[in-house]
Protein chains: 2
Amino acid sequence: MARQAVADKRQRRQRGSISVDEIINGAFEVANEASVDGLSMPLLAKHLDVGVTSIYWYFRKKDDLLNAMTDRALGQYDFATPFVEGQDWQESLRNHARKMRQTFRSNPILCDLILIRGTFGREATQAAFQKLEKAVATLVEAGLSPEDAFDTYASISVHTQGAAVLERLQDRSGGAEPYRRSGTSVIDPETMPLIADLTEKGHRIGIADDINFEYGLNCILEHASRLIAARGEAG
Amino acid sequence: MARQAVADKRQRRQRGSISVDEIINGAFEVANEASVDGLSMPLLAKHLDVGVTSIYWYFRKKDDLLNAMTDRALGQYDFATPFVEGQDWQESLRNHARKMRQTFRSNPILCDLILIRGTFGREATQAAFQKLEKAVATLVEAGLSPEDAFDTYASISVHTQGAAVLERLQDRSGGAEPYRRSGTSVIDPETMPLIADLTEKGHRIGIADDINFEYGLNCILEHASRLIAARGEAG
DNA sequence: ACCTGAACACCGTTCAAGT
DNA sequence: ACCTGAACACCGTTCAAGT
């Protein structure tokens, strides 16, 4: 009697029927459905209709696969966020920062791979340097010293990344579990008159949101424009 | 013949010999050695000299245990970072922000539990509200409107948290693997004259460090002081 | 009421094969 | 050269006990 139980076993794949690109593509597909954390080798293998161990011929460790994904993600990110010069340096920088944030927001996987998993150890992309050079040039032309220009761009960059990361982490855990303390949260108007009023108006504490992002961005840009003004007076 | 193989088996613990506090203490000890990610139930059980499943009597899920740890971490954090009023509101806020950052830096577990794992879903602590109230009061007294005072403090809070998280994520992956591209990192002085010069002087791009933290903090405080000045003129 | 091992379904990774 | 299942050591969690 033939065993039907074996019927659903996958057929053996041909030699060369798996490619690095195919694996990475599949990995992004799985990550899109299950998030980067949910991406596992068995899950990916099932998605690709491949033996789990076959993946290990192309990527010796899962970490190698994630590195390859991160490289591709960085490419996407760089492509999506060029630095566009304009007549108004403030608006150029502002739009640039907004675009960066928006890219991370609309694509959490980029955020997880690039920011949270951390490209920090490795060198910055060539594309990142080009953006930096362009932005610094714009600021220098506007009247900043190269050093101040660099610090300004670095500050915008970190501000944007920080906002993106915090927001992503909020989403991650916020979606999972509301978890409210019973009553403890109530603000006593007697002892805390100021914030009792403000929180009723909808203000939120310690939350990275649009308002907060724009506010910080404004502060940085304003600081830069003051530096320019001060230089103009001195020169 | 008695079996010696069984000799190293743990003795059964007495009833009531395990307590919630003991478990949480042990969990922090393990986390201190192996990081929060490295904290596993079997590892914790071994550390406590307890059967793995015993822990599940006190915490139905690992997540519950992590929540308990986070609560304690929040207590520590709140205790370590009170808002101290002073005659100079700028220095008060600056010191407050520095203290918050320093607390996270010197205690990565706090960072992992509070910021990265995310207390975001739940309500803010009572202590957090008290700090907020005090800070807002200080700023209002300095001449800000309650709304501006709130935005300023929120901005400082998010700036500090963002800096702490990014720095922590840097450390996490940076320590694991240096990973440098061969040559690709070199900046061509021909096409990128500005940053070629600056990076040689030790500037670093996209890195959350002391300089960047202080710079952003300055921008926020400067913005606040301008708001105060503008109000003073108008009033 | 509290503590426990066996057992299950998952995971990353290695090894010794198969073709 | 490429694909594979069996196997190992880990993990979180459940269950049916033991005391």
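Below, chain A is the first sequence line, B the second, and so on; all start at residue 1. What you see is a predicted model, and the numbers here were worked out from it, not measured in a lab.
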Should the pair [X] and [Y] be assigned to parallel (<30°), tilted (30 to 60°) or perpendicular (>60°) ring geometry?
X	Y	answer
B:Phe213	B:His159	parallel
B:Tyr153	B:His96	parallel
B:Phe104	B:Tyr77	parallel

Using a cut-off of strictly less than 4.0 Å, decide whether [X] has a side-chain nitrogen or oxygen near OP1 or OP2 of [N].
X	N	answer
B:Arg60	D:dT14	no
B:Arg10	C:dC3	no
A:Ser17	D:dC3	yes
B:Ser54	C:dT4	yes

Round to a whole Å and report the spacing from [atom1] of [X] to [atom2] of [N].
X	N	atom1	atom2	result
B:Glu22	C:dC2	CD	P	14 Å
B:Met41	C:dT4	CE	P	14 Å
B:Asp49	C:dC3	CG	P	13 Å
A:Lys46	D:dT4	NZ	C1'	16 Å
B:Gln14	C:dC2	CD	P	14 Å
B:Leu44	D:dG12	CG	C1'	13 Å
B:Lys61	D:dT13	NZ	P	6 Å
B:Ile55	D:dT14	CD1	P	14 Å

Take A:Arg12 and B:Lys62, find for each the nucleotide of DNA chain D with the closest heavy atom, and name the residue whose nucleotide sits nearer the 5' end.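 Residue closer to the 5' terminus by nearest nucleotide: A:Arg12.
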Kindly point out which of [options] is positioned nearest to the side chain of [X]?
X	options	value
B:Thr53	D:dT14, C:dC3, C:dC11	D:dT14
B:Tyr58	D:dC11, C:dT13, C:dC3	C:dC3
A:Trp57	C:dG12, D:dT13, D:dC3	D:dC3
A:Val52	D:dT13, C:dT13, D:dC2	C:dT13

Have a look at A:Phe59 and say if it touches a base, only the backbone sugar-phosphate, or nothing, with a 4.0 Å heavy-atom cut-off.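 Nothing, no heavy atom under 4.0 Å.
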Name the nucleic acid region contacted by A:Ser40, choosing base, sugar-phosphate or nothing; use a 4.0 angstrom heavy-atom cut-off, strictly under.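 Answer is sugar-phosphate: A:Ser40 comes under 4.0 Å of backbone atoms only.
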Salt bridge check: are B:Arg98 and B:Asp210 linked by an N-O gap of less than 4.0 Å?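 Looking at B:Arg98 and B:Asp210, the cut-off is not met.
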Does the distance from a Lys or Arg side-chain N to an Asp or Glu carboxylate O, for B:Asp171 and B:Arg105, drop under 4.0 Å?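 A salt bridge is absent here (no side-chain N lies under 4.0 Å from a carboxylate O).
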Checking only heavy atoms, does the side chain of A:Arg13 share a donor-acceptor pair with the base of D:dC3 at less than 3.5 Å?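 Such a pair does not exist between side chain and base.
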Suppose we define a pair by two distances each less than 3.5 Å, Watson-Crick or G-U wobble; what does D:dC10 pair with here?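 D:dC10 is unpaired by these criteria.
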Just name whichever nucleotide pairs with C:dC2, Watson-Crick or G-U, keeping both distances under 3.5 Å, else none.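 Paired with C:dC2, as far as the under-3.5 Å criterion goes, is D:dG18.
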Would you say NZ of B:Lys99 has more than 12 non-hydrogen atoms from neighbouring residues, nucleotides or ligands within 6.0 angstrom?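 No, the 6.0 Å shell around NZ holds no more than 12 heavy atoms from other groups.
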